[in-house]
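Start at 1 with the first residue, then count along the sequence. The structure displayed is predicted, hence computed values, not measured ones.
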Amino acid sequence: MEKNKKLTFVKVQILNCPIDELTYKFAREKHNVDIQIEDIVKIPLKNKIKVGIVKSIHFDKPNFKVKCIKEVVQLDRKLKLFIKILSSRYLVNQAKFLKRIFAALTMEINTTSVDNIQNDECKGNNTEKNKLNGESDKSNEIIEIINKSTRIKPIFIFGNNYSGKTISIIDLIKHYIKNKKTAVVICPSNEDAVEFKNRLYKTINMSDLISNQRIIIGSQLPVFTTEKNIGIYIIFNEHSEHYNEKIYPFINTKDAMILRARIENIPIILTSPTPSINSWHKIKNKRFFFHTLNLNKTQKSKMSKIKHVQITKKNTINESKWFSKTLYNSIYRSIENNKICALIINRKGVSSNIRCKDCNEPVRCNICGYIYSLYKHNICICHKCKNKNFIVSKCVKCKSQNNFYSNDIGAIQVEKITRQIFKNINTKLIDSSSEKKLDKVKKDIDEKKINIIIGTDAIFKLIKTLNVGTIGMICADSLQRHNIDSTGNIIRKAIELSKSPCKSTQREVIIQTKLNPYEYNFLESINEDFSKYCNFELKFRKENQLPPFNKTCIIAVFDKTEESAQIKAKNIQSKLSEDKKTIFYKTLTKVILKNNNGCCFLIYGKGNSLH
C-alpha cells in the first residue's frame, strides 16, 4: 500500500486545448511536494511541454502506459485566494485566470532584472539622475504614510503635468529595490510600459541596485505574476479606459490589482493627473490615502492654456460654421511663430450621420445595421463590418427618393474647409494610409512642408512628439460616444494634449462644441485644478443616482428571429421589474447581428440590488 501511495495518478486538463482530461503519474519522492486538486502542472505531450490543471487524484494504476508529470508549479496561498475571489466576482471558472498565471510565467512580460539593466547600454545623462536624487523628499512622504499604517490603504498620487509624478515613482521603486523587494508596475498599454521602462533605464543608478532583484512592468499580465517577494504595486494613469478589458470575462485590471494588494496587504500606488470619478469618490470617503504633488509658480506659468468655445453664428467666421474666431486667430498666431497646428475630429470620411429629411431615419448598413459613414463619390462605409456600398436612393422607412441630409462633419470635410480658409498654408490629412508613413510625415513637418495636420484620435501620439502651437478639437461633442463619462474623457484628452515635449513652450488647446453644457464653465482653470470637475461631476451623479452612487447594467437577449427575441426580452424585463429596488427601463434597444444571424434586444437597468 505504501508503494502505491508513493506513486499517485492524476487526471489533468490541459490549458488552451480542447481534448479531454489525460492521466499522468506523479512521483512524490522525485518532486518532494504533495499534489492537490487545481494545482498547475507541467506535463509532456507529443514531445512538447504543456501546462494543465489537476482535476482529480487516484491511486489505482491504469491499464495503459502513462507519462510522468515534469513539474508542479507551486502557487502562493494568497495568490490562490485572489484567483478564487476574482473568479467568483466575474462568475467564471478559476481555470480562466490560472491560464493567465501560466502566461505570466512563460510569455514575454516586460520584465526587467538588474542584471539585464547592467548589461544594457544606459544612455541617460547625469543631470536626469541628479534630478531623481533631488526629488526624494516627495517619495519619502509616501514611504512615511506606508510605514505608519498597519492595514495599508491604496495611496493616490495626484499631480499635474511636470509635477514630478514619474520621478517620485522611480524613486519609490529604487527604495524597495534597496530593501530587496520586487516592484510591480502596470501601465494602460504596452507602449506606455515600454516608455516607462526606457525612462527607468535613463534615471536609475545601477550601483544602488542589488543583484537578482526584479522590476516587473507590463499592461495586464503583471497582475497574475507568481513573484513572492513583492514590495509594492504601482498603477500608472489609473483613469485610462484601457484597464477595462475588451475580451471575456471583461475584467478591470486596475480593480484586480487593488484586490490583490488588499489580500496580500502590500502597498499600492495609483497615479494620475486626471483621476477617475470612482477613485475620486473613494478619496472623498477616505478609502484611499490622497497625496498631492504641487506645482511652483514657475511651473504654473509654463502650463498650456485650455479654452472652450461654443459654436454659434456670432463667434464663427464667415467662411465656415465649424471654425470659431478664437481657433482661426490661434492658428494664424502659431503659424507666424513657426509652429505646427493640429485639428482633431473623431469622425472619418465626409460625414458620419446621413439621415432622411422626411422621417429622420439614419442610413444603415444592410449587413449589420450600423450607421453608415459617407465618403467621397457618394460611397458609404460601415466602420463595424467594413461593408462598402453606394448611398441608397430610397429611404428604407418612408420610401422617399433622394431626400437625405447630413448635420455632422468628418475628417475629409474638415480638410476641404481648411484648404479653402487657409489657402497659402500646407495642410495634410493623416488617415489610415498615411498612418503607416508617419516617418515621412515627420520629415515633411521638419522641412516645413506641412503647417496644419488633420486627423482622428490616431494622431494623438504624433502630436505628443511635435512642436505644436495650437490644437483644435473640432466638434468635441462627437469626440466620445455617448457614455456616462463623455465630458470627463474630452477634458482628459485636452489635458493630455496640452503637455508639450518641450517644457519651455506652451500649447493652446481649444475645445469647440455645438452644445454648451454647464460642465464646461470651469475649463479655463481645469488644467491647474482638475478636482473642480471631479467635485462637480460627483454632485451631479449623486443627484441623478448614477455610478458610483448606484449600479447600472445592460442585459443582452439573443434569438434567431426578431419576434422571439422581443418576447424573451419582455418576459425577462417583467420578471426583473418585480424587484422594487431596481429600475428597468421599458424601452428596448434593437441590435441587428452581423450577416443577419439573429436579433438582439438590450435591457437597461439601474439599482443597488443588481448583484
Side-chain angles (χ1 to χ4, degrees), residues 189 191-192 241-242 304 306 309 311 320 322-324 327-328 330-332 334-335 339-353 373-376 379 381-384 386 406 408-422 425-481 486 489-501 507-514:
S189 64
E191 292 173 356
D192 293 327
E241 291 181 343
H242 291 289
S304 302
I306 296 176
V309 180
I311 301 172
S320 174
W322 299 104
F323 277 79
S324 64
L327 179 60
Y328 178 81
S330 180
I331 289 171
Y332 263 115
S334 297
I335 291 168
K339 291 182 180 179
I340 305 298
C341 299
L343 301 177
I344 300 167
I345 173 74
N346 199 36
R347 290 288 182 269
K348 295 180 180 179
V350 177
S351 175
S352 61
N353 195 358
S373 291
L374 181 66
Y375 279 75
K376 291 178 180 178
I379 294 173
I381 299 175
C382 174
H383 291 298
K384 191 174 184 181
K386 309 300 178 186
S406 174
D408 207 345
I409 188 171
I412 293 173
Q413 197 174 346
V414 170
E415 184 199 18
K416 185 180 177 182
I417 293 167
T418 307
R419 289 183 187 277
Q420 290 172 357
I421 298 168
F422 306 98
I425 296 169
N426 298 319
T427 305
K428 175 72 176 177
L429 173 64
I430 300 175
D431 52 11
S432 55
S433 60
S434 55
E435 278 174 25
K436 299 173 184 177
K437 304 173 183 176
L438 285 179
D439 292 333
K440 188 181 177 183
V441 173
K442 285 181 181 179
K443 188 179 178 182
D444 290 341
I445 290 169
D446 292 336
E447 294 173 359
K448 297 182 180 179
K449 292 179 181 179
I450 299 172
N451 301 109
I452 301 173
I453 55 173
I454 302 164
T456 59
D457 289 359
I459 67 170
F460 277 13
K461 293 172 187 174
L462 180 64
I463 292 171
K464 289 179 183 178
T465 59
L466 298 175
N467 184 21
V468 179
T470 299
I471 299 168
M473 300 170 80
I474 310 290
C475 194
D477 305 275
S478 62
L479 197 66
Q480 287 288 325
R481 292 180 179 179
S486 57
N489 288 335
I490 291 168
I491 296 169
R492 286 187 183 96
K493 286 189 176 182
I495 292 173
E496 186 182 350
L497 291 170
S498 67
K499 187 176 180 180
S500 174
R507 287 178 172 180
E508 192 172 11
V509 182
I510 297 167
I511 302 173
Q512 290 190 161
T513 57
K514 289 191 286 185

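Rounding to the nearest 0.5 angstrom, the gap separating the NZ atom in Lys428 from the CD1 atom in Ile453 is 11.0 Å. Of the inter-residue distances, the one linking Thr456 atom OG1 with Ile345 atom CD1 reads 9.5 Å to the nearest 0.5 angstrom. If you take CD1 on Ile412 and CG on Leu374, they are separated by 8.5 Å, rounding to the nearest 0.5 Å. Within the model, atoms CD1 of Ile331 and CG of Leu343 stand 5.0 Å from one another, a figure rounded to the nearest 0.5 Å. Within the model, atoms CG of Leu429 and CZ of Arg419 stand 8.5 Å from one another, a figure rounded to the nearest 0.5 Å. Rounding to the nearest 0.5 Å gives a distance of 7.0 Å between OG1 of Thr418 and CD1 of Ile474.
Side chain of Glu415 to backbone of Ile454: no donor-acceptor contact under 3.5 angstrom is found.
Taking both residues in full, the closest heavy atoms of Ser324 and Val309 are given as CB-CG1, 3.6 Å, listed atom of the first, atom of the second, then distance. For Met473 against Ala494, the heavy-atom pair with the smallest separation is SD-CB, 4.1 Å. When all heavy atoms of Ile463 and Arg507 are compared, the closest pair comes out as O-NH2, 2.6 Å. The nearest pair of heavy atoms linking Ile335 to Cys341 is CG1-SG, 4.1 Å. Shown here for Ile450 and Ile340, the closest heavy-atom pair between the two residues is O-CD1, 3.4 Å. The nearest pair of heavy atoms linking Ser189 to Asp192 is OG-OD2, 3.0 Å.
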Next on the checklist: Run the side chain to side chain contact (heavy atoms under 4.5 Å, CB included) test on Tyr332 and Thr470 for me, step by step, so that the C-alpha distance in whole Å, both residues' side-chain angles and the decisive distance to 0.1 Å come before the verdict.
Outcome noted: CA-CA 9 Å; Tyr332 263 115; Thr470 299; over 6 Å; no
Next on the checklist: side chain to side chain contact (heavy atoms under 4.5 Å, CB included) for Ile452 and Asn426? Distances and angles first, verdict last.
Outcome noted: CA-CA 6 Å; Ile452 301 173; Asn426 298 319; over 6 Å; no
Next on the checklist: As a quick check of understanding, evaluate side chain to side chain contact (heavy atoms under 4.5 Å, CB included) for Ile344 and Ile459, giving each step before the final call.
Outcome noted: CA-CA 8 Å; Ile344 300 167; Ile459 67 170; 4.1 Å; yes
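The local environment of NZ in Lys416 is sparse, with at most 12 non-hydrogen atoms from other residues, nucleotides or ligands closer than 6.0 Å.
No hydrogens or angles considered: a donor-acceptor pair under 3.5 Å links the side chains of Ser330 and Glu508.
Side-chain contact between Ile381 and Lys348 is absent, with no heavy-atom pair separated by less than 4.5 Å. Looking only at side-chain heavy atoms (C-beta outward), Ile421 and Ser320 come within less than 4.5 Å of each other. You'll find the side chain of Thr513 stays beyond 4.5 Å of the side chain of Ile311, heavy atoms only.
For the ring pair (Phe, Tyr, Trp, His ring centres under 6.0 Å) criterion with Tyr328, the lone passing option out of Trp322, Phe323, Phe422 is Phe422.
Ion pairing between Arg492 and Glu496 fails under the 4.0 Å rule for side-chain N and carboxylate O.
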